[in-house]
Amino acid sequence: MDQKMDKTYNPVLWEDQIYEKWEKSGYFNPDNLNLPENAPNYTMILPPPNITAKLHIGHSSVMAIEDLFIRYHRLCGYRTLWIPGTDHAAIATQNVVEKKILAEEKKTRHDLGREKFLEKVWEFLHETQAVILKQTRKMGASIDWSRTAFTLDEDRKRAVNKMFVDMYKEGIIYRGERIVNWCPRCQSTLADDEIEYQEQKASFYTFKYDQNFPIAISTTRPETKLGDTAIAVNPKDERYKKYIDQELSANFCGQELNLKIIADINVDMNFGTGALGVTPAHSMIDSQMAIKNNLKTIKVIDEEGNIKENFGKFSGQKVLVARKMIIEELQEKNLIIKEEEINNNLSTCYRCGTAIEPLPSKQWFVSVDTKIPRLGNKSLKEKAIEAGENKKIEFIPDRFTKRYLDWMTNLHDWCISRQIWFGHEIPVWYRGEEIYVGEEKPQGKDWKQDPDTLDTWFSSGMWTFSTLGWPDNFQNGKKLNDLQKFHPTQMLETGYELITLWISRMIMMSIFALDEIPFEKVYLHGMVLDKNGKKMSKSKRNGIDPLDMIEKFGTDSLRLALLLGNTPGNDLRMSEEKIAGYRNFINKLWNISRFIISKTNDFSDDFDPQKLSLSDKWILNKLNKTIKKTSLDLSAYKFSLSGEELREFTWNDLADWYLEANKFEKDEDNKNKVLLFILKNILKLWHPFIPFITETIWQQLGEKQMLIVSSWPQAQEVNFDSEEQSFNIIQEIIMSIRNARSEHRIEPGKKLQAIILSPRNKELLEQQSHLIKSLKTGINQIKIIGDKSEISAKKNIFITLADIEIYLIGGFDEEKEKIRRDKEIANLKKMIDSIENKLNNQNFVNKAPAELVAQEKEKLNNYKLELRKILN
RNA sequence: GGGCGCAUAGCUCAGUUGGCUAGAGCACUUCGUUUACACCGAAGGGGUCCAGGGUUCGAGUCCUUGUGCGCCCACCA
């Protein structure tokens, strides 16, 4: 790379070629890393993005965080593997494509037929997949493309089929009739977490089934009452006690009902009439009561949302029409006791917003409670809970462990069949009453495959091991090849909203297939919100397109904006201004490097430790501390904190102090080597955050090896703490002088003379006086004295720092100086008072740690000394 | 109804096991074009740490009650 380094960093010139170099090098693939056999693993899967749309800024955040983890561990010598892929997102994708063909061709999927429709889906999928992969590269993801997977590709299909058959054979998968959440529009069941509740006003009717019926009930859905088979009351309810266990009959709008009166403690005596009409076919809890009490189930509503046959005049009517008819009839017969408006949560389909009908239906389920002999006679639920409880799987932040455990504890069987076309076909065939479950279509004629497909989470639940070659790499209970090398993975990084949908399923499926956890740690990030704290959405037009931002500010700036200020489990606000702010930092780093590079001839960094100046030792000590702190925080996944530390070091210590000092010090050769040493170190430290610019600069340094595979810096053993303190004194003096000039409004060009009295540090200040003169203090003459008697100045500014006194000759304004002094005196008095109070408190002196008390005493002495100096 | 989180400078947020004279970035004020950088440099102003009560020598930090906001789960007959 022979490009010149411009005054400002232009990411567009560098980023693509850098990514190409990385990709060509093969280092994204752990097999090419030339590591010792015993190198530790660091494996992570990319949560496969849905192929429904191009990536948004939330995905960018995922990639920034995960790439940081991966690059950090690669530099630390781990065998790092990050597996890319995409998710077919069955229902979501089918919906997008359905909408698309409706808009473009005015056709429904039924017009096209299953085969044609699926062709359209695959067409769409190839387009979006290409865009997604391009965006991933743009983000700088150092991900192993050679292992790319798709939840619906051939390898995953085999894995899914094998899993289904294995689970069926062990009795974990079963077919059952259960109340499911049915969307009449999508013609599909929905999982609990695919339901959206919409608050609405609803009419809440209290009525009797007929004139002679002794008990009144309440409902918002009178039409379902056609299928009532019982009335439930609270066993403690005095009003109804006498009816319990009786069987009563009623004529409800022409329909004969046989109603058993049952007792159930879950019935709230104070709600409605305290009596509940039980409709086993169209309500979840009613169905449970029906199972408990052995009640008949009468189906009233069909899959289209119409009243079924054999309900007289209501048959064939839409649900809402039937409801109106029943209300009118009840009104005519004067059976309605009360009609009130209540707030009701309507269950709707998260895709299309249609009201959900709870319906009994034949579906495939994964049992979470069936004991599995092979797994110590424990159920999947029990094993998954165990993994969380004994911290085999650790959640970051920890509070989500509780949420995971709560959810797992209340988990019900998982309905895995979906009545849609796009997805994994269920490996089950029927012939009349016969049923065959197997990985391949059975021999013989007339077998018909189950028309349903599998819940998309069934395939993504296997992601940690299906991407590593399961089932081929699992023979006779033994893991082989990639599966053996990389499973369980070390880290799962994903959003907290996926704990229930995805994380819990991955844990159960990995336990079933391999009898081991899928990952050791789960890092949960929050959502990326707009600058007002609102969710980004297309309709609100408050979204930020990552590709636009990359174009404008570069990937590194975007990554910093996504990484700094981002803490686990908390949402992050994002704005263009923020990204622009980090662009400024990137440019600063660029210019720091430019300055350093311009001073060196041979890029050598082997400085002579004997020739180090005070400022050299100071910056090396700071670097040492930064390395330690940054490494510690990164290994604890506090990347935001370590980024802040790095920025502090880079901008405040290195640029503002060390580089400035460097301009005014001798022994250039050795100092330039120190500069190179520092630069190489910070490039490594920054690399996981901002890979492009660091690699770009690195390649200007004549290094043979790429930065991506260099090694994480180690802290030096030497300790320059006392030198650091000495340099701090110089810094304080310089800042005091600048401050005094500013307070006194001394013209910038005006040169002053300084006399500094410092009995303890005379020698130090003499040695460093060139810095005091040079670093933006406007001092042209300086005199360091160790004894007050040497002072002869008349008009001067007086600054005190513990036992140091500074006299600035010239530019003195008596009034301003008085104001300044009064302020300082007041402040000092306040401090002294507060410490004295503390020290007068016997409890403090006796109970606080001795070290702290001594510290306070020393502080007090210093303040007193300063005060005395000023008052003199 | 059950649970979780948040509340600190004008804004966005840090603040590890209690030791704080409460920090950073942005914004703001003043000054400065000095040969790495104006996407810059120097100096500065700005806070009852949501409110009440408690524990403690000491509370932004721990306990408790309340208020406001956000989220999750359940229920809504």
Side-chain angles (χ1 to χ4, degrees), chain A residues 5 7-9 192-193 197 202 204 217-221 224-225 231-232 266-268 271-279 283-286 342-347 397 399-400 402-403 406-407 410 496-497 499-500 526-527 531 533 553 557 564-567 569-575 577-578 580-599 633 636 638 640-641 644 647-648 655-656 659-660 663 735 738-743 745 747-749 775-777 827 830-831 834-835 838 841-849 851-853 855-856 859 863:
Chain A
M5 288 179 80
K7 229 171 140 176
T8 45
Y9 174 61
D192 288 348
D193 29 55
Y197 293 97
F204 185 56
I217 57 152
S218 306
T219 184
T220 53
R221 301 204 54 190
T224 63
K225 301 288 111 184
I231 306 244
N266 291 320
V267 177
D268 181 353
F271 191 89
T273 61
L276 153 68
V278 180
T279 319
S283 154
M284 296 280 180
I285 46 163
D286 291 13
I342 61 162
N343 284 325
N344 187 21
N345 269 338
L346 182 69
S347 312
R399 65 186 142 94
F400 286 104
K402 197 175 173 320
R403 200 191 273 192
D406 281 353
W407 196 76
N410 297 318
Y496 56 73
E497 72 277 11
I499 293 178
T500 54
M527 271 183 305
K531 62 178 166 188
F553 303 110
S557 309
L564 301 202
N566 189 346
T567 48
N570 294 324
D571 296 341
L572 178 75
R573 295 192 188 194
M574 186 49 56
S575 64
E577 295 80 21
K578 198 170 183 174
Y582 286 108
R583 185 267 322 266
N584 295 355
F585 172 77
I586 296 289
N587 195 53
K588 186 77 184 179
L589 180 62
W590 178 256
N591 272 294
I592 289 170
S593 312
R594 220 159 64 92
F595 176 71
I596 295 175
I597 289 170
S598 75
K599 302 197 70 163
D633 286 333
K638 296 179 187 170
S640 177
L641 208 57
E644 300 286 353
R647 181 172 57 178
E648 164 97 16
D656 290 347
L659 292 191
E660 292 305 318
K663 293 174 184 169
M735 287 192 286
R738 287 172 182 168
N739 168 288
R741 286 188 72 110
S742 173
E743 292 265 335
R745 297 187 181 269
E747 313 148 36
L775 297 185
K776 294 169 187 161
T777 51
N827 192 34
K830 208 177 101 194
M831 304 305 316
S834 95
I835 298 179
K838 230 184 214 180
N841 184 338
Q842 282 310 303
N843 279 326
F844 174 72
V845 177
N846 296 335
K847 292 188 184 174
E851 206 181 316
L852 187 72
V853 176
Q855 254 176 45
E856 293 292 320
K859 264 197 228 164
Y863 288 138

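Computed from heavy atoms alone, side chains included, the values below leave out hydrogens, waters and symmetry copies.
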Round to a whole Å and report the spacing from [atom1] of [X] to [atom2] of [N].
{"X": "A/Leu564", "N": "B/rG25", "atom1": "CG", "atom2": "C1'", "answer": "10 Å"}
{"X": "A/Tyr9", "N": "B/rC37", "atom1": "OH", "atom2": "P", "answer": "18 Å"}
{"X": "A/Met5", "N": "B/rC37", "atom1": "CE", "atom2": "P", "answer": "12 Å"}
{"X": "A/Arg647", "N": "B/rG25", "atom1": "CZ", "atom2": "P", "answer": "7 Å"}
{"X": "A/Ile592", "N": "B/rC37", "atom1": "CD1", "atom2": "P", "answer": "13 Å"}
{"X": "A/Glu497", "N": "B/rG70", "atom1": "CD", "atom2": "P", "answer": "18 Å"}
{"X": "A/Lys847", "N": "B/rU56", "atom1": "NZ", "atom2": "P", "answer": "8 Å"}
{"X": "A/Asp571", "N": "B/rC69", "atom1": "CG", "atom2": "P", "answer": "17 Å"}

Taking a pair as Watson-Crick or G-U wobble with both distances under 3.5 Å, which nucleotide is matched to [N]?
{"N": "B/rA24", "answer": "B/rU12"}
{"N": "B/rC40", "answer": "B/rG32"}
{"N": "B/rU55", "answer": "none"}
{"N": "B/rG70", "answer": "B/rC4"}
{"N": "B/rG46", "answer": "none"}

Side-chain donor/acceptor of [X] to base of [N], under 3.5 Å:
{"X": "A/Glu660", "N": "B/rA36", "value": "yes"}
{"X": "A/Arg583", "N": "B/rC39", "value": "yes"}
{"X": "A/Lys588", "N": "B/rC37", "value": "yes"}

Could you measure between the two [atom1] atoms, the one in [N] and the one in [M], and give it in whole Å?
{"N": "B/rU17", "M": "B/rG1", "atom1": "C1'", "answer": "36 Å"}
{"N": "B/rC37", "M": "B/rC20", "atom1": "C1'", "answer": "35 Å"}
{"N": "B/rA51", "M": "B/rG60", "atom1": "P", "answer": "11 Å"}
{"N": "B/rC13", "M": "B/rU55", "atom1": "C1'", "answer": "30 Å"}
{"N": "B/rG66", "M": "B/rG58", "atom1": "C1'", "answer": "26 Å"}
{"N": "B/rA42", "M": "B/rU33", "atom1": "C1'", "answer": "13 Å"}
{"N": "B/rG10", "M": "B/rC4", "atom1": "C1'", "answer": "30 Å"}
{"N": "B/rG15", "M": "B/rC75", "atom1": "P", "answer": "37 Å"}

Check: Toward the 5' end of RNA chain B, which comes first, A/Asn827 or A/Asp656, by nearest nucleotide?
Finding: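 The 5'-side residue here is A/Asn827.
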Check: Taking for each residue the nucleotide of RNA chain B bearing the nearest heavy atom, is the 5' side occupied by A/Asn410 or by A/Glu743?
Finding: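 It is A/Glu743 whose nearest nucleotide is closer to the 5' end.
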Report which part of the nucleic acid [X] touches: base, sugar-phosphate, or nothing (heavy-atom distance under 4.0 Å, all strands).
{"X": "A/Arg745", "value": "sugar-phosphate"}
{"X": "A/Ser598", "value": "nothing"}
{"X": "A/Lys830", "value": "nothing"}
{"X": "A/Thr567", "value": "sugar-phosphate"}
{"X": "A/Lys599", "value": "nothing"}
{"X": "A/Ile285", "value": "sugar-phosphate"}

Check: Do A/Asp571 and A/Tyr496 have side-chain N/O donor and acceptor atoms under 3.5 Å apart?
Finding: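 Present: a donor and an acceptor within the cut-off.
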Checklist line | Any donor-acceptor N or O pair under 3.5 Å, side chains A/Asn570, A/Thr567 | finding: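 A pair is found: one side chain offers a donor N or O, the other an acceptor, under 3.5 Å apart.
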Check: Counting distance only, does the side-chain N/O of A/Ser593 pair as donor-acceptor with the main-chain N or O of A/Leu589 below 3.5 Å?
Finding: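 Yes; judged by distance alone, with no hydrogens or angles, the pair exists.
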Taking the minimum atom-to-atom distance to the side chain of [X], which one of [options] wins?
{"X": "A/Arg399", "options": "B/rG5, B/rG32, B/rC57", "answer": "B/rG5"}
{"X": "A/Lys578", "options": "B/rA42, B/rU12, B/rG32", "answer": "B/rU12"}
{"X": "A/Arg403", "options": "B/rA36, B/rC72, B/rA24", "answer": "B/rC72"}
{"X": "A/Leu659", "options": "B/rA36, B/rC4, B/rU16", "answer": "B/rA36"}
{"X": "A/Tyr496", "options": "B/rC57, B/rC71, B/rA36", "answer": "B/rC71"}
{"X": "A/Ala655", "options": "B/rA43, B/rA36, B/rC39", "answer": "B/rA36"}
{"X": "A/Lys776", "options": "B/rG41, B/rC37, B/rA43", "answer": "B/rG41"}
{"X": "A/Asn587", "options": "B/rC37, B/rC75, B/rA43", "answer": "B/rC37"}
{"X": "A/Asp406", "options": "B/rG3, B/rA43, B/rC39", "answer": "B/rG3"}
{"X": "A/Arg573", "options": "B/rU12, B/rC76, B/rA43", "answer": "B/rU12"}

Margin query: Using a 6.0 Å cut-off, check whether atom CZ of A/Arg745 has over 12 heavy atoms from anything other than its own residue.
Written below: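 Atom CZ in A/Arg745 is not crowded, with 12 or fewer foreign heavy atoms closer than 6.0 Å.
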Notebook entry, point to check: If you draw the axis of the six-membered ring of A/Tyr9, does the NZ or CZ of A/Lys588 fall within 45° of it and under 6.0 Å from the ring centre?
Noted result: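 No, A/Lys588 does not lie over the aromatic ring of A/Tyr9.
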Check whether any side-chain N or O of [X] sits under 4.0 Å from OP1 or OP2 of [N], and answer yes or no.
{"X": "A/Asn591", "N": "B/rC39", "result": "no"}
{"X": "A/Asn739", "N": "B/rA42", "result": "no"}
{"X": "A/Ser575", "N": "B/rU12", "result": "no"}

Side chains of [X] and [Y]: does their closest heavy-atom pair fall under 4.5 Å?
{"X": "A/Arg741", "Y": "A/Thr777", "value": "no"}
{"X": "A/Trp590", "Y": "A/Lys7", "value": "no"}
{"X": "A/Arg221", "Y": "A/Phe204", "value": "no"}

Next item on the list: Might you point out which heavy atoms bring A/Lys578 and A/Leu572 nearest each other, and give the distance in Å?
Entry: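 Between these two residues, the closest heavy atoms are NZ-CD1, 3.9 Å.
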